[in-house]
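This report refers to the structure that appears directly beneath it.
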Amino acid sequence: MISISNLSKTYKKENAQPVFAVQNITLHIERGDFTAIVGPSGSGKSTLMNILGLLDVPDSGSYQFEGKEVSLMTIDELADIRNSNIGFVFQQFHLLPKISAKENVELPLIYSNRTNIGGMAENVLAQVGLKERMHHTSAELSGGQQQRVAIARALVNDPDILLADEPTGNLDSESGTEIINIFKQLHSSGKTIILITHDMNIASHAQKILKIVDGKLLNHTAVS
Amino acid sequence: MVKIRVVQSGFRTAWTHKVRALFMILSIMIGIAALTIIISLGKGTEEKIMAQVRKFFSPKTVMVVSGGGRMEPNRPVSFSGNLKLDDVEEIIRQIGDITDFDAILPVPGKEAQANGNNTLVDIVGHTPAAEIVHNLVVTEGRFFGEAENRTLARVAVITPRARERLFGTSNPIAQTIRIDNVPFQVIGVIGPRGMDPHGTDKDNEILIPLNTVLRRVANVDYVMLAKFLVHDERRTIPAAEQIKSILRERHSINPSEENDFQVITPVRVKELIDNATRTFNLYLPLLAFVALLVGSIVVVNLMLISVNERVKEIGLRKAVGARSNDIAVQFLIEASSVTIVSGAAGIGIGILLLTQIAKYMNVPFTISWSAVLICSVVSIIIGIAAGYFPAKKAAGLSPIESLR
Ligand SMILES: Nc1ncnc2c1ncn2[C@@H]1O[C@H](COP(=O)(O)OP(=O)(O)O)[C@@H](O)[C@H]1O
Ligand SMILES: [Mg+2]
């Protein structure tokens, strides 16, 4: 479902050394995979994930999403795929502060082409165990709860693939475990999942672990 | 394509930043309220003036004034004595469809005595048709008639102030007034008319048949002005042209010379009024418009600041699938809904204040609906302009850069 080859991205800034954040990465993700990406801080995990999530563009290499070359898509086509085919979960949650949990979860629905969206936000909030807190703003929720709202938002359009960039990075271990359990549950219900972490405990839940160091993919490690 | 849910969401998010919305509303509302008030007051004032003018100058009137130059309000009239009664009679003969006419000769500042009182009054010679031509309201007695004008009868119709000064509260009808020791019999009283456009007190006059004034008081053969009523409003302009050529011929004026008279039509009167009301109808609305413009610059800036503050929000919306167009629509809807509400509030407050100001200024309360329309259109245009630039800026941001 995802196929990238020789993907590279370099950050160039005036009066600074270029940063080769992603270098010649080639990888394939099959439908239903649960993949963990691990690596030290600054190794290029987020850069790769943002490209996979169509939030950023590579300098070179090819990226095929569901068999279609991403570099040939218009920005509106990219927006539509982000809306209905990909759910993205950020380390910093990125909830809008002035609106309720439910309204945050409804954001992707605003931009979808679905005709009937009634009850969808409530359903996914129930799925992450937050239905009774749905009228609270993020300031009134704990970190773990905020991340669960963000997961609900990623799920609301029922995408095939979920991308999570260190979703437990800002959480205590107890909340982190809750979040990981949600991802395991989602995987068993058929979702394709790619998750960044530098916690090997969490990575051990995945079927496949990718190690990135200095922007390069080290080796594929299969986990039972 | 505009998604209906994006529009609905824009209407909601317009009000999530309450302080910003409040400042935007204030900055536009004040300008709109000022425009509504000023334009409506201008219309009310003009209607008031027009109503007063119609009393002196109906739409079927053509007036000839002796003397050249231009007649302007508040300029004393000096006349040269070359508009003869014969000229007036010739005009009536040639034009044919004049229904009524009044020729006027004022003799200002005469001493009048009656009942042991004496006071300065303005004597004014009128034809009997003056009652119709000027819509005079006879409150007691009657106006003088054709026979009295022909026979140079010494009869007088008096006005409220002259009456009070000479007769107090006693009945003036059939009493005698002496003017230069010539006795006149009071046959009627007319209602108050106030000041004329030159500032003359029309309520301190004594009206006497024109021929009586010409022969017995002033001993001249000319009048100051003549007013003609034609049978149809559309005839005023052609009649005015005809009068000009009749008088130029009778006064032997060469083609290179100016008229020694002026012909005034309702069109010319409207011009004079427009000049007088220009402050209200042009300069003040311009001032209010500038206020509105400043208000809209504030709104555009607040929207730009809002876009900068909300870069993360825009990035997040794009990350979850908003197209650039959706972001642009959201900001357009936010700006225009706030400005439309401001416009409506401004019009509402304007009308509210207008009821009070109109009462205070003694101007009839009229809402200029064209003003309201203009204000609404202006506020919508401001809204779109205020939304357009920030919306373009917001729509162009890349999702990941905005989220960082
Ligand atoms: N916008 C950027 N501009 C310049 N350098 C960047 C930018 N984003 C990331 N980098 C650099 O690219 C490298 C990889 O960063 P990142 O993908 O965030 O790594 P990770 O997520 O594994 O910590 C780092 O050296 C980081 O400093
Ligand atoms: Mg990272």
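The analysis underlying the following values was restricted to heavy atoms, covering all of them including side chains, and did not include hydrogens, waters or symmetry mates. Letters A, B, ... are given to chains in the order of the sequence lines, protein chains preceding strands, and every chain is numbered from 1.
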Notebook entry, point to check: Is any side-chain heavy atom of B:L316 less than 4.5 Å from a side-chain heavy atom of A:R153?
Noted result: yes
Notebook entry, point to check: Of all heavy-atom pairs between A:L55 and B:P399, which one has the smallest distance, and what is that distance?
Noted result: O-CG, 3.9 Å
Margin query: Return the OG1 to CD1 distance between B:T13 and A:I99, rounded to the nearest 0.5 Å.
Written below: 9.0 Å
Note to self: Quick check on B:R310 against chain A: is it the side chain, the backbone, both or neither that has a heavy atom closer than 4.5 Å?
What the structure shows: neither
Notebook entry, point to check: Which bit of A:E103 is near chain B, if near means a heavy-atom gap under 4.5 Å: side chain, backbone, both or neither?
Noted result: side chain
Notebook entry, point to check: For A:N50, is it the side chain, the backbone, both or neither that has a heavy atom under 4.5 Å from a heavy atom of chain B?
Noted result: side chain
Notebook entry, point to check: Given side chains that start at C-beta, do those of B:R5 and A:I117 come closer than 4.5 Å, heavy atoms only?
Noted result: yes
Notebook entry, point to check: Does CD belonging to A:E132 count more than 12 external heavy atoms closer than 6.0 Å?
Noted result: yes
Check: Looking at A:R82 and B:K318, what are the two nearest heavy atoms and their distance?
Finding: NE-O, 2.9 Å
Next item on the list: Grab the two heavy atoms, one from B:S324 and one from A:I75, that are nearest each other, plus how far apart they are.
Entry: OG-CD1, 3.9 Å
Notebook entry, point to check: Between A:Y111 and B:G321, what is the shortest heavy-atom contact and its length?
Noted result: CB-O, 3.6 Å
Item checked: Neighbour count >12 (heavy atoms, 6.0 Å) for atom CG, A:N6 -> yes
Item checked: Among B:I4, B:T16, B:V6, B:V320, residue most engaged with chain A (heavy-atom pairs, under 4.5 Å) -> B:V320
Checklist line | Toward chain A, the part of B:L403 with a non-hydrogen atom under 4.5 Å | finding: both
Next item on the list: Begin from the C-alpha positions of A:I110 and B:Q8 and carry the test side-chain contact (heavy atoms from CB on, under 4.5 Å) through to its verdict.
Entry: CA-CA 9 Å; A:I110 294 176; B:Q8 289 167 341; over 6 Å; no
Margin query: Heavy-atom cut-off 4.5 Å, strictly under: side chain, backbone, both or neither for A:S112 against chain B?
Written below: both
Next item on the list: Decide yes or no on side-chain contact (heavy atoms from CB on, under 4.5 Å) for A:N113 and B:K3, but give the supporting numbers first.
Entry: CA-CA 8 Å; A:N113 292 319; B:K3 295 171 189 143; 4.2 Å; yes
Check: Can you tell if the side chain of B:R317 reaches within under 4.5 Å of the side chain of A:L96, non-hydrogen atoms only?
Finding: yes
Next item on the list: Against chain B, label A:L109 side chain, backbone, both or neither, depending on which of its atoms sit under 4.5 Å from a heavy atom there.
Entry: backbone
Next item on the list: Compare every heavy atom of B:A322 with every heavy atom of A:A79, then report the nearest pair and how far apart it is.
Entry: CB-O, 3.8 Å
Item checked: Neighbour count >12 (heavy atoms, 6.0 Å) for atom CZ, B:R234 -> no
